[in-house]
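Notes follow the structure.
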There are 2 protein chains.
Amino acid sequence: MTNLKRIDINHLKVSCKQCNLRELCFPHGMNDDELTNMDAVVDQPQPLHKGDFLYRDGDENVAIYAVRSGCVKTMTESPNGEEQIVGFHLPGELLGLDGFGEGVHTCNALALETSSVCELPLEKLEHLCHELPGLQKQMRRIMGKEVASDHQLLLLLGKMTAEERLASFLLSLSSRMHERHWKENEFNLSMPRQDIANYLGMAVETVSRLFATFQSENIIQVDRRHITILDMPALKAIVGDCKKDK
Amino acid sequence: MTNLKRIDINHLKVSCKQCNLRELCFPHGMNDDELTNMDAVVDQPQPLHKGDFLYRDGDENVAIYAVRSGCVKTMTESPNGEEQIVGFHLPGELLGLDGFGEGVHTCNALALETSSVCELPLEKLEHLCHELPGLQKQMRRIMGKEVASDHQLLLLLGKMTAEERLASFLLSLSSRMHERHWKENEFNLSMPRQDIANYLGMAVETVSRLFATFQSENIIQVDRRHITILDMPALKAIVGDCKKDK
DNA sequence: CGCCGATTTGACTCAGATCAAGGTTTGTGG
DNA sequence: CCACAAACCTTGATCTGAGTCAAATCGGCG
């Protein structure tokens, strides 16, 4: 198949040095020497297709991953089979920390679209942390960020109305687009409405209705998965006005 | 004041070696040598009184902490001053990881009752991780646990009904009591109803009503802050039956 | 004793879930 | 290239779990 060839081309290894996501990723703040070291241990497995699992709940935690392209969602599963999406990971963002506790992953990671990842094997990580002082610190940063972002989501689920949640979600995406030097007020959603609803703890219908409302108020424009933010201040006001009392 | 004297007595340093919480705490799995090393770097600051902050959102992250006695709650603050409690930390549990991202704490930590903590300064931690191979691994375990427990809470807030949340909360406390070799079906809540409600994302009145319901069904007995679990299986059934379909 | 904060209880309301139905886009096989 | 099926998305109507408001009760404590 000609398709195979195309995949192989995509699969040529991209070194950390060349990667334009490096400042968001493992190598943040590293010098040239350190980058060379990183390159030596980072694997780039075959790209994931839409719906492929990167890892599953219960799998041994053998590596941490950085998304290079595409988008990967992580979700926890309740005993009854219900799932809660806990994160959407964009290029440059890391995942796999959930398995650090007992050496076993505690959630599922699944590609929302064709996605490629870099893989940093844990056994090499341990060793590398001794060599590269910067990496040890960066690992801490990464975990801190993970914890902080989980806390943000807890705040969202615990205290915000549906309207505030969706606005907050859009703003988070927007600022992450900006970090990546993409347009901050125009982007495509990689996830279906169902996933947005699940992530934000509400029903699909509510997501759909709120998109319609925001659009009618000229705050955003929605065309299927394509979002244009027309009135950023209005969006921020929605989140900021959760409760102006106190 | 005679009070001062009493505090000083409490404040005699307890070494990790003697501490009966050590297997839940930093020193998990360490040998005698390693324990001696830990003792050398762990500080034990003055006990906190009820309502004292251990650290605040925005403070520089200088250490991680282990609760030795009492109970400490951590909460994030929204831009509007609303707060969401993200954890209640019992003796042997750690906190302070939230500051790892940018070196600044992203939440508040406050004592719910008179509490003492052990303090592991970050600057010493870095160095110590090189000396003690066990500690590096343990730090990862700790972070993994933090992430996993945040994910559990996300699942709770995103997908469970009020009834399931409260049952789940009681079960979590119970199993943590058990880990500490305390009674697993009889314990005191260190937090007011208001804090339980906040943590579980609901109104105080709902907490109050659900306690009453559970009591009338002979699942638990409630006397002010004192809880007795009468029917553990029933409590588990409430959580497990979120949705038995699928 | 009397005040104050914490908790409980009751009555009412509403944000958002659920149920139902129709429309649109994408992919697949013939 | 078309027909058909399967996702995916939207919109309307209805229902309800839990929030809000209000008021009583309890428990400490100066």
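Since this is a predicted model, take the numbers as computed values, not measurements. Throughout, a chain's letter reflects where its sequence line sits, starting with A, and its residues are numbered from 1.
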For the pair Tyr55(B) and His105(B), name the ring-plane relationship: parallel under 30°, tilted 30 to 60°, perpendicular over 60°.
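Parallel.
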Between [atom2] of [N] and [atom1] of [X], the distance in whole Å:
X         : N       : atom1 : atom2 : value
Leu166(B) : dG17(D) : CG    : P     : 17 Å
Leu210(B) : dG19(D) : CG    : C1'   : 13 Å
Leu112(B) : dA6(C)  : CG    : C1'   : 15 Å
Met191(A) : dC9(D)  : CE    : C1'   : 16 Å
Arg165(B) : dG17(D) : CZ    : P     : 14 Å
Asp195(A) : dC9(D)  : CG    : P     : 9 Å
Leu157(B) : dG16(C) : CG    : P     : 15 Å
Arg193(A) : dA17(C) : CZ    : C1'   : 19 Å

Distance-only donor-acceptor test (3.5 Å): side chain Arg209(A), base dT18(C):
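Indeed there is one.
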Contacts to DNA chain D from residues 219-226 of chain B, heavy-atom cutoff under 4.0 Å, which residues?
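Those residues whose heavy atoms fall under 4.0 Å from DNA chain D, taken from residues 219-226 of chain B in numerical order, are Arg224(B).
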What I want to check is whether the side chains of Glu77(A) and Asn108(A) have a donor and an acceptor closer together than 3.5 Å.
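Asn108(A) and Glu77(A) do have a side-chain donor-acceptor pair below 3.5 Å.
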Distance-only side-chain donor-acceptor flag, Arg176(A) / Ser172(A), under 3.5 Å
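Short answer, yes.
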Please identify which of these residues, Arg68(B), Lys145(B), Lys73(B), Arg180(B), meets the salt bridge (charged side-chain N to carboxylate O under 4.0 Å, His left out) condition with Glu93(B).
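When Arg68(B), Lys145(B), Lys73(B), Arg180(B) are each tested with Glu93(B), the salt bridge (charged side-chain N to carboxylate O under 4.0 Å, His left out) holds only for Arg180(B).
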Of the residues in residues 200-207 of chain B, which ones touch DNA chain C at a heavy-atom distance under 4.0 Å?
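Listed by number, they are Glu205(B).
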Does Arg56(A) CZ have over 12 foreign heavy atoms under 6.0 Å away?
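It does not: Arg56(A) CZ has 12 such atoms or fewer within range.
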Closest approach of Gln84(A) to Asn198(A) (non-hydrogen atoms, all atoms of both residues):
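Nearest heavy atoms, Gln84(A) then Asn198(A): NE2-O, 3.3 Å.
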Which atom of Val239(A) lies closest to which atom of Ser168(A), heavy atoms considered
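Where Val239(A) meets Ser168(A) most closely, the heavy atoms are CG2-N, 3.6 Å.
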Minimum side-chain heavy-atom gap Asp150(A)-Leu153(B) below 4.5 Å:
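Not touching, per the 4.5 Å side-chain cut-off.
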Taking distance alone, no hydrogens or angles, what donor-acceptor pairs closer than 3.5 Å link side-chain atoms of residues 183-193 of chain A to residues at least two apart or in another chain?
{"residue": "Glu186(A)", "atom": "OE2", "partner": "His226(A)", "partner atom": "NE2", "Å": "3.1"}
{"residue": "Asn188(A)", "atom": "OD1", "partner": "His226(A)", "partner atom": "ND1", "Å": "3.0"}
{"residue": "Ser190(A)", "atom": "OG", "partner": "Glu113(A)", "partner atom": "OE2", "Å": "3.1"}
{"residue": "Arg193(A)", "atom": "NH2", "partner": "Arg224(A)", "partner atom": "O", "Å": "2.9"}

